[in-house]
J.: 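Pasting in a structure now, in structure tokens, and then I'll have a few things to ask.
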Amino acid sequence: MATQGPRWTDGATRAETEPRTAEAEEEAAAAPQGKERNPRTVLIKVTALDIALPLLLYYGLRWLGTNQWLALVISGALPLARLAYQVVRERKVERTTLFSLSIILTSTLVSLFTGDPRLVLARESYFTALVGLWMLSTLLAKRPFLYAATIQILPEATARSWREDWENSPEFRKAMRLMTAAWGAAFLIDAVGRVVMAYTLPVDSVPLLGAGLLVVMLIAVVQFSKAYAKRLSARLGRPNSV
């Protein structure tokens, strides 16, 4: 008998006609309801708010004569302010948001007790390293990071299809875990690169180069994920929509 493979399509016919397991029902009930979000739009928004805006603030403060340490501390606090606003607006705290808040808050407090701008620059590596390790740790959990994070922002029909494929397709589960591993490795590589840059390059060049490194790593891992999904879908003779 042929093994059931992933569909990764927007169709929901099978998901609507076949019964789901208790785990799938629980997952569907826990999924956020409301306006559907495009994953690309979410990524662009996060890049603009957490990368581009802090960069503009840092170099703007430097242009106004602010010293390197203070400019780094102020610009680095922007993601913390955004996450705090998100918690207040939505009146709930997701586990990923709480994780990000705790790491950014801790690194910000540490930076306040040192006047070394290079140490402030190196703190960025703590965050990306912990994010990478956390992603890798989800490989041992019930659902890996890529699956759990992506399904929350998929259209409902596609999300139902993913839940069905997760239950029935070993290939789909393997793909989710492999791509999660790739994302975790990318963040760890970014962390190492940030430490090296923080202690070897001119301070004012590191924020821009660090942001560039992160963007390059994200583009690389996204393209890897898309290529892998396309190849797997072609091998199984199924349409690809990842």
J.: Residues two or more places apart in sequence or in another chain: which of them pass side chain to side chain contact (heavy atoms under 4.5 Å, CB included) with T66?
T.: L61, L70, A71
J.: To the nearest 0.5 Å, what is the distance between CE on M176 and CD on E171?
T.: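 So the gap between those two atoms works out to 12.5 Å.
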J.: Measuring from atom CZ of R160 to atom CD1 of I151, what distance do you get when rounded to the nearest 0.5 angstrom?
T.: 11.0 Å
J.: Does E156 come within less than 4.0 Å of R163, counting only side-chain N to carboxylate O?
T.: yes
J.: Write down the atom of R177, the atom of P144, and the distance for their closest heavy-atom approach.
T.: CG-CG, 4.0 Å
J.: For R173, check salt bridge (charged side-chain N to carboxylate O under 4.0 Å, His left out) against everything at least two apart and list the hits.
T.: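 By the salt bridge (charged side-chain N to carboxylate O under 4.0 Å, His left out) rule, R173 matches no residue at all.
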J.: How long is the gap from CG on L178 to OG on S225, to the nearest 0.5 Å?
T.: 8.5 Å
J.: Output the distance between atom CH2 (W183) and atom CG (L188), rounded to the nearest 0.5 Å.
T.: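 Here the interatomic distance stands at 13.5 Å.
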J.: Does F187 have its ring centroid less than 6.0 Å away from the ring centroid of W134?
T.: no
J.: Please verify the inter-ring angle class for W162 with Y147; under 30° counts as parallel, over 60° as perpendicular, anything in between as tilted.
T.: parallel
J.: Decide yes or no for S75 and L55: does some side-chain heavy atom of the first lie under 4.5 Å from some side-chain heavy atom of the second?
T.: no
J.: For the atom pair CG (L208) and OG (S205), what is the distance rounded to the nearest 0.5 Å?
T.: 8.0 Å
J.: Would you find a donor on one side and an acceptor on the other, under 3.5 Å apart, between the side chain of T138 and the backbone of M135?
T.: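 It does hold such a pair.
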J.: By side chain to side chain contact (heavy atoms under 4.5 Å, CB included), which residues pair with A181, not counting sequence neighbours?
T.: L136, L139
J.: Please report the closest heavy-atom contact between R118 and P202, naming both atoms and the distance.
T.: NH2-CA, 4.3 Å
J.: Looking only at non-hydrogen atoms, find the nearest pair between P117 and Q68 and report the distance.
T.: CG-OE1, 3.9 Å
J.: Name every donor-acceptor pair, under 3.5 Å, that has one atom in a side chain of residues 192-201 and the other anywhere in the protein, sequence neighbours excluded.
T.:
from: R194; atom 1: NE; to: D190; atom 2: OD2; distance (Å): 2.7
from: R194; atom 1: NH2; to: G210; atom 2: O; distance (Å): 3.3
from: T200; atom 1: OG1; to: V196; atom 2: O; distance (Å): 2.5

J.: With the 4.5 Å side-chain cut-off for hydrophobic clustering, are Y58 and I74 part of the same group?
T.: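 Yes, one cluster joins them.
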J.: For D116, which residues count as a salt bridge (charged side-chain N to carboxylate O under 4.0 Å, His left out) partner, sequence neighbours excluded?
T.: none
J.: Just jot down the side-chain hydrogen bond (donor to acceptor under 3.5 Å, both in side chains) partners of R62, sequence neighbours excluded, or say none.
T.: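 R62 satisfies side-chain hydrogen bond (donor to acceptor under 3.5 Å, both in side chains) with D204 only.
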J.: Look at the side-chain heavy atoms of Ile, Leu, Val, Met, Phe, Trp and Tyr, link any pair under 4.5 Å apart, and say whether L72 and L209 land in one connected group.
T.: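 They do share one cluster, since a chain of ILVMFWY contacts under 4.5 Å joins L72 to L209.
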J.: Does I189 belong to the same Ile/Leu/Val/Met/Phe/Trp/Tyr cluster as V216, with side-chain heavy atoms less than 4.5 Å apart forming each link?
T.: no
